[in-house]
Amino acid sequence: MYFKLVFKNIFRHRLRSLLTIVGLVVAILAFGLLQTVVHAWYAGADMASTTRLITRNATSLVFPIPIYYRERIKAVDGVKAVAVSNWFGGIYKDQSFGNFFPQFAVDHDIWFDLYPEFRTRPDELLAWKKDRSGAMVGRQLADQHGFKVGDVIALKGAIFPGTWEFTVRGIFEPRDDTTITRQMYFHWDYLNERMKQLFPKRAEYAGLFIVQIADPGRAAEISRTIDREFKNSLAETLTETEKAFQLGFVAQTETIVMAVRIVSFVVIVIIFAVVANTMAMTARERMAEYATLKALGFGPGFVAGLIGGESVMITVLGGLLGILATFPVAAVFKSLLGSMFPVFQVAPGTVAMQAAAAVGVGVLAGLAPAIRAGRVKIVDGLRYIG
Amino acid sequence: MTASPTRAPPPEGAGEAGGAIRPIVAIAHLSKSYRRGDQVVPVLRDITLDIPPGDFIALMGPSGSGKSTLLNLIAGIDKPDAGELRVDGEDITRLAEAELADWRAAHVGFVFQFYNLMPVLDAFENVELPLLLTSLGKRDRRERVETALALVGLSDRMDHYPNELSGGQQQRVAIARAFITDPTIIVADEPTGDLDRKSAEDILGLLRRLNSEMGKTVIMVTHDRHAVESARHVTHLEKGELVAGDGEKVT
Ligand SMILES: Nc1ncnc2c1ncn2[C@@H]1O[C@H](COP(=O)(O)OP(=O)(O)OP(=O)(O)O)[C@@H](O)[C@H]1O
Ligand SMILES: [Mg+2]
C-alpha cells in the first residue's frame, strides 16, 4: 500500500510530474554528456601504457633529439626496447578540420610490438615492414576516409616539405573501446632518407623516443637515469611515463575541462532546486492527507516516507530515462565530433555518477518536505481542508 | 472517579450489572487555550463530562465555542493544558506521541466533515487503510472490508475512487473506515455539514445503527437540528464552557 500510495501520488499532477521528470531527464543527460566530454579529453592518457616512457627534448617538444641517443637509451638498465617517433603533420587534401589526422614516422620493425593495443594482421604487418613507403592506418581513420589496403595516400608536407605518397599496407584494429585508431604510421627510415637528400641538416633527428621498460615500478628511476645520461649535452632530455606525457598535453586545456566539469555539476544543482520546489509544493497541498493518516494512527515515519519516497521515485525515474538517453545521444555526438574526440564513450563511472546524482537529488529534495510532513500537527493539518 | 454523575440510563447491555457504570469517556477539569502571539486565548475552561459506554452524544454550540477542540482532545489528536481525560480507563493525556498514535489506531474511529479520504485510493483501499496498522492478514482484511462496505451499502462501489463518488457516498466510505477496526469510540465532527438532507439522513442512520446495533459509543459535533435527533444526549458548549441543558435526553 505504501508503494501504491507513493506511485499513484506521482501521477496526480500529471503535468507537474511530467515537467519535473523531463527536467530530470535533460539534466541527467546533460550531466552524462559533459562528464563524457571530460572523459574523452583524458582518454588518450587513460589508455597509456605503464610500461612505456616518452623521452623528449627537455626544452620543448618542438625541438628534436639526435637519433644516436636511441642506442644510448637502449643501453640503460631496465630498458627493453626504444622506438623513434616523429610527428609528421602532413596535410591530407586540404587544411579543413575534418580532413586532419595525425601521422607519425616510426621504427617500423618494432613499433607494433610496443603497442599491443593495436591489433594487426601478420601478413599485412609483414607487407608494411617490406614496403619503405608503406603505411599502416587505424580502423577509425580507414573508416572515416574509406582507406583500403593498396590505396595511395598523398600528403602535402608542412613540417617536412614536399609531396609524400604512402601505400596503405595494413589496417590496425583497436583492442577495445579506449584504443585510439585515428592515426597513421609509416617508416621513419623513409622520412629520414628523403630529408638526407633535401635538407641534410635536418636529417638524423628523432621527434621523441618511446622507451619500453620491463618493470613499471622502476619507471621513475629509469627516467632519471636516462635524463642524467644526457645532462649537459647538446639536447637535454625529459623522460616521463606515457600517461604523464599525455596529461601534459591535456593540462594545456585543463581550464576548459574544468569549466565543463563545473557546468555539469551546476546542472545538477539547478535540477535539485526544481525538484525541491516541486516537492515542497506537493507536500504543502497534501498536509490534510498527512494529518488524516496520522489521525488514523500512522506514524510520522510513514507520512515522511510518502513524500520522501515520491521524491526519490521521481528522480530515479527521470534519472533512469536520462541515463538511457545518454547512450544514443552520445553516439550522435560521437559521429558529429568524432574528429575532435577519438574516444567518446559513456564510461561506467559516468553512469554511476548519473545514478548517484539522481538518487542524491531525490533524497535531498525530499528531505525538508518529508520532515515537515512527518511533523505536521494533526489539528493544524486537518484545517487545510476546511 | 469524577464528581459528575451519569444522568442518563445507559443503553441496554452496555452497563455493568448492579454497580455504577464506568464512563467510557471521563473528562475532569479539562482546559485548553491557544496562544496567539503573546495573547492567550482560552478555548475550553474546566470541562467536566462523563460519557457512558454505548452513548450517542451530540455536542452543540455556536461557532468558535470549542466543540471541535473538545472532540479533538477526546480523540487524542490534540493535547489539553490541564485536567484529566480518560477513555476506557486510560488517561490519554499522559501518553507520548507514538503511544497516542497506536492508541488512536486501536480505539478511535474518525468521521470528518469533508470525508478526508485518500484520493489515490479506491473505496476498498480507503477502508482497508486502518487495518494495515493491525496484524490482520490480507484475506482477513478483505473479508472485513467487504463486510463493512456492504453494511454502508457500497458493495458495488468498492473500486470507485473518491472523485467518482458523491459526497454522501464518500462519507459512507469514511464511516466504514471509522468502524473497520472495531474502535472504542467513534468521533464525528459535523459529519453531515457538507451534505444534502437525504445524504445526511443516510449518514445519521448509519451512525444510529453503529450505536444501537453494534453498541459503539458515538460522539458527534453538529450544528444540524435534525442530526441532534439521532443522538441520545445533547451537550451544549458556549465560550468554552458546558452550559445548562447538558445531558438532557432527546426525545
Ligand atoms: N490552532 C489554533 N490556533 C489558535 N486558535 C485556535 C486554533 N484552533 C482553534 N482556535 C480557536 O479556538 C476556538 C474554538 O475553536 P473550535 O474549532 O473548537 O470551534 P468550534 O466550536 O468547532 O467552531 P465551528 O462550529 O465553527 O467549527 C476558536 O475561537 C478558534 O479560533
Ligand atoms: Mg468545529
Side-chain angles (χ1 to χ4, degrees), chain A residues 1-18 279 281-311 313-314 317 370-386, chain B residues 32 34 43 63 68-73 75-80 96-122 124-134 138 141 161-163 174 177-178 180-181 183 187 189-190 193-194:
Chain A
M1 192 74 96
Y2 166 75
F3 286 103
K4 196 169 205 166
L5 272 167
V6 170
F7 195 72
K8 285 186 158 179
N9 272 331
I10 293 179
F11 297 101
R12 270 167 81 172
H13 280 280
R14 270 161 218 268
L15 186 65
R16 183 194 295 171
S17 299
L18 188 76
M279 294 325 295
M281 199 153 58
T282 302
R284 208 174 313 122
E285 286 170 4
R286 301 193 183 146
M287 279 305 166
E289 284 166 43
Y290 302 141
T292 305
L293 285 169
K294 286 182 81 172
L296 295 182
F298 288 91
F302 180 87
V303 172
L306 282 182
I307 190 76
E310 183 172 343
S311 179
M313 206 121 132
I314 285 181
L317 199 66
I371 290 172
R372 210 175 315 133
R375 284 191 185 159
V376 68
K377 279 185 67 188
I378 298 171
V379 286
D380 294 341
L382 288 174
R383 272 167 197 276
Y384 273 77
I385 275 188
Chain B
K32 168 87 183 168
Y34 283 109
V43 178
S63 183
S68 295
T69 305
L70 180 57
L71 194 71
N72 291 342
L73 291 174
I77 57 174
D78 204 356
K79 289 258 184 185
E97 202 63 51
E99 295 169 322
L100 203 52
D102 292 341
W103 176 81
R104 284 194 304 269
H107 295 281
V108 186
F110 288 90
V111 181
F112 303 95
Q113 180 175 358
F114 300 101
Y115 334 126
N116 288 29
L117 300 175
M118 296 295 125
V120 293
L121 300 181
D122 63 23
F124 182 94
E125 293 162 337
N126 263 292
V127 177
E128 189 187 13
L129 206 52
L131 292 183
L132 298 177
L133 295 168
T134 67
K138 206 176 169 72
R141 294 204 303 263
Y161 286 89
N163 63 2
R177 180 179 68 182
I180 191 79
T181 52
V187 297
D189 196 344
E190 306 195 30
D194 201 44

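To find a chain, count down the sequence lines: A is the first, B the second, and so on, and within it residues start at 1. Atoms considered below: every heavy atom in the structure, side chains included; atoms not considered: hydrogens, waters and symmetry mates.
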Look up atom CD1 in Ile10(A) and atom CG in Leu5(A), then write down how far apart they are to the nearest 0.5 Å.
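One finds 11.5 Å between CD1 of Ile10(A) and CG of Leu5(A).
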Could you tell me the separation between the CG atom of Leu382(A) and the CG atom of Asp189(B), rounded to the nearest 0.5 Å?
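If I round to the nearest 0.5 Å, the distance is 9.0 Å.
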If only atom types and distance count, is the side chain of [X] paired as donor or acceptor with the main-chain N or O of [Y] below 3.5 Å?
X	Y	result
Tyr290(A)	Ile307(A)	no
Arg104(B)	Gly297(A)	no
Lys294(A)	Gly374(A)	yes

[X] versus chain A, the contacting section by heavy-atom distance below 4.5 Å:
X	value
Leu132(B)	side chain
Tyr115(B)	neither
Leu100(B)	neither
Glu97(B)	neither

Identify which part of Phe298(A) has an atom lying under 4.5 Å from any heavy atom of chain B, answering side chain, backbone, both or neither.
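Both parts, backbone and side chain.
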Are any of the side-chain nitrogens in Arg12(A) or Glu310(A) under 4.0 Å away from the carboxylate oxygens of its partner?
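No, no charged N to carboxylate O under 4.0 Å.
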Looking at Pro130(B), Ala178(B), Pro119(B), which has the largest count of heavy-atom pairs under 4.5 Å with chain A?
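Among Pro130(B), Ala178(B), Pro119(B), the one with the most close pairs to chain A is Pro119(B).
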Among Glu128(B), Gln113(B), Glu125(B), which has the most heavy-atom pairs under 4.5 Å with chain A?
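Top option by heavy-atom pairs under 4.5 Å: Glu125(B).
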